[in-house]
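For ligands, and for the atoms within them, numbers begin at 1 and follow the listed sequence.
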Amino acid sequence: MLTDARHATLPPVLAEVALPRRLEGLKALASNMWWTWYPDSPEIFKRIDNTLWIETYHNPVKFLRQVKRKTLNAAVHNRAVLSLYDRTLAAFEAYLARADTWYAATHPDRADHFIAYFSTEFGLHESFPTYAGGLGILSGDHAKEASDLGLPFVGVGFLYNQGYFSQHITEDGWQEAGYRRYSFEDVPVIPFTDEQGQPLIISVDLPGRALHARVWRIQVGRIPLILLDSDIEQNAPADRDLTARVYGGDLDTRISQEIILGIGGVRALRALNIQPKVWHMNEGHSAFLALERMREHIAAGLSLDEAEARVRAATVFTTHTPVPAGNEEFPDWLIDRYFNQYWGQLGLDRERFIDLARHAQSWGQTFSMSMLAIRMSHARNGVSELHGRVSRAMWQFLFPNTAVEQVPIRAITNGVHTATWLARRMRSLYDRYLGPNWMDNLDDPSTWQPIYAAPDDELWGARRHLKRKLAAFARERARVQWLTTRRHPVQIVAGGVLLDPYMLTLGFARRFATYKRGSLILRDPERLMRLVNDVERPVQIIFAGKAHPMDEPGKLIIQQVYRTLKKAEYGGRIVFLEDYDINLARYLVQGVDVWLNNPRRPLEASGTSGMKAALNGVLNFSVLDGWWQEGFNGENGWAIGDEAEFTNADEQDARDAASLYDTLENQIVPLFYEDGAAEPPAGWLKMMKNSIATLAPAFSTRRMVKQYVEEVYLDAEPVATAP
Ligand SMILES: *Cc1c(COP(=O)(O)O)cnc(C)c1O
């Protein structure tokens with residue numbers, strides 16, 4: 001059935017492609033996102049036709065549709081290609097066939113305990129643009145790990161036909177957003193069909209009309225993602241764009257998207273006869289799913305109280321937002337417009353319906369998606385220890401007479417999918433020193449102890465290799481832009497052509513939102529100039545990241561960074577790489593020396609990019625916020641500032657900037673250059689090993705998803721399937 005990947009059919013466009021028999025298996029490989037986390041698979045495509053692999057932006061479906069027959073015929077005689085191919089296909093088949101997964105071994109009696117995981121974004125790979133940023137990467141990594149561990153699991157989200165915007169920075173540092181429509185024939189999605197062989201369509205009610213959505217599947221290892229798309233003929237033209245963009249448009253678009261995801265997502269699962277035991281709402285955007293399940297129970301004859309109790313018993317909510325204003329809220333007039341036909345079906349009147357999520361704000365009353373999610377779930381969690389604390393305080397008012405420590409919101413700290421984010425070169429080093437089965441036990445700290453015995457030279461050699469790759473990547477991108485578009489020379493310098501892969505390199509890549517303080521390191525220009533221009537021990541800084549298209553202050557921070565780096569006085573050693581996405585993220589988290597993060601504490605819920613960096617031997621230099629508050633141990637990286645709490649933001653910024661410069665000048669730079677000693681710098685390597693050994697096992701989705709299973713998913717009370 002649907003959840004058995006071995007029975008997956010190919011996407012229609014791939015079924016039509018003719019390949020030499022010897023390489024026929026590439027179609028199956030391209031049809032399952034598993035290829036993205038098996039390091040040999042991209043190598044196959046690279047070796048067949050590297051130019052086409054780059055042109056298609058690492059998209060195997062496009063690649064197979066475009067590659068020349070002559071090229072394939074040559075590949076059939078290329079021993080290197082064939083051996084990579086045979087090894088990869090064997091690993092792929094073994095992966096899908098494996099019966100002794102962690103879940104099967106640990107919970108043999110819970111094989112049908114299905115988990116449905118709802119998220120507005122899934123970041124799986126740069127060739128599949130269904131994500132905007134961190135939340136999407138987390139969902140994608142969660143799904144990949146659920147597959148690795150063998151969970152009965154299905155993801156529910158959107159098939160956007162534009163995705164998120166691509167970023168261009170003008171010569172004056174202003175961010176411009178571009179949207180590109182892409183074809184579903186270029187991605188390995190498969191439409192579901194109904195009994196008549198027609199495309200499966202579900203519908204939801206929007207004001208004055210029905211909205212129809214097609215239901216698609218993409219396979220992620222063993223598990224499917226169910227994706228909804230409104231771009232079909234049955235819909236009015238404007239409605240066809242509702243699922244075009246991640247978080248697109250105005251309030252009407254947002255609430256319509258959330259109705260499609262929450263209500264439509266439940267209907268899609270029912271149409272596919274998937275009956276989850278656990279409903280996981282990843283962030284409040286999908287909280288309407290609880291209403292739809294209540295409606296089902298009530299239609300089946302339960303009382304409102306019973307229905308609510310059943311829904312709650314099977315629902316899990318993960319919150320990601322420590323900023324009260326960041327929690328999604330809709331005005332009452334909008335709820336009236338979208339739900340006035342719906343509340344009657346729950347046996348509720350308007351007031352009692354709005355009571356489900358009523359948030360009395362100083363500016364008036366709103367309908368809060370996070371409050372709906374908290375009310376409708378029995379297990380709730382923040383995404384780091386500190387964020388759990390912040391969330392308990394933030395939502396304490398919902399639990400009268402409960403001490404703040406007793407507020408029922410726990411913490412499950414985020415992680416990253418190790419195989420996805422680990423550089424191939426580092427992986428082969430770990431294969432040599434951590435033993436042949438290290439991937440099976442990667443969340444066990446003892447697995448990583450042998451890293452201390454790895455020779456410094458080898459580790460340093462791998463790091464240098466990755467730094468050269470990053471510099472070459474930036475240079476080639478800048479060169480192509482110079483060649484193909486009329487860029488100003490300043491933009492070419494900003495693109496990183498003057499980077500030196502042997503110098504101490506800091507990376508700062510994240511969304512440009514004011515609380516992340518992207519320009520903190522620019523606070524003292526003189527001091528910064530001395531750091532980057534030091535003749536003996538220079539520092540380079542690479543920036544990347546998008547600002548939300550409506551976030552003017554965020555765009556101004558990008559401009560501030562850009563106007564600084566344009567100055568010749570900084571010698572081309574501060575750069576801004578455009579269009580941060582999964583591809584650029586991979587180069588950065590693998591290819592810098594130090595990963596910088598300086599949010600205004602405690603506003604970073606977790607952060608995950610620093611975990612990716614640590615896994616690859618990059619050292620973290622961060623404010624003690626989010627995951628770093630629990631990851632930092634004094635010997636595995638550096639802290640910016642301390643745990644002091646501030647009421648005055650400017651004072652906080654001044655203190656943190658001073659701490660940042662002091663640590664950079666007095667600790668980081670001297671440790672890296674080790675006062676002229678021969679490379680590799682022993683103190684740096686020691687810290688790198690501490691960082692890998694302590695952070696890689698703890699901040700992996702391996703640990704995280706197991707924790708969700710043990711503490712949350714299996715704890716859901718069994719309920720009769722509805723309706
Ligand atoms: C990992 C990642 C993020 C999230 O990282 P943060 O540490 O939360 O900023 C965002 N965007 C991309 C492309 C990523 O790879």
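Annotation: side-chain contact (heavy atoms from CB on, under 4.5 Å) contacts of Arg389 (sequence neighbours excluded): Leu386, Arg392, Gln629. Applying the side-chain contact (heavy atoms from CB on, under 4.5 Å) test to Asp443 and every residue at least two apart in sequence or in another chain returns Arg702, Arg703, Lys706. For Phe672, the ring-ring contact (aromatic ring centres under 6.0 Å, His included) partners at least two apart in sequence or on another chain are Trp460, Trp684.
Protein residues with a heavy atom under 4.0 Å from ligand 1 are Gly133, Gly134, Ile137, Trp421, Arg510, Tyr580, Asp581, Ile582, Ala585, Gly607, Thr608, Ser609, Lys612.
Judged by the 6.0 Å and 45° rule, Arg222 forms a cation-pi pair with Tyr95.
We find that Arg511 and Asp551 are not joined by a salt bridge, their nearest charged nitrogen and carboxylate oxygen being 4.0 Å or further apart. In summary, Arg517 and Asp656 engage in a salt bridge, as defined by a charged side-chain N under 4.0 Å from a carboxylate O.
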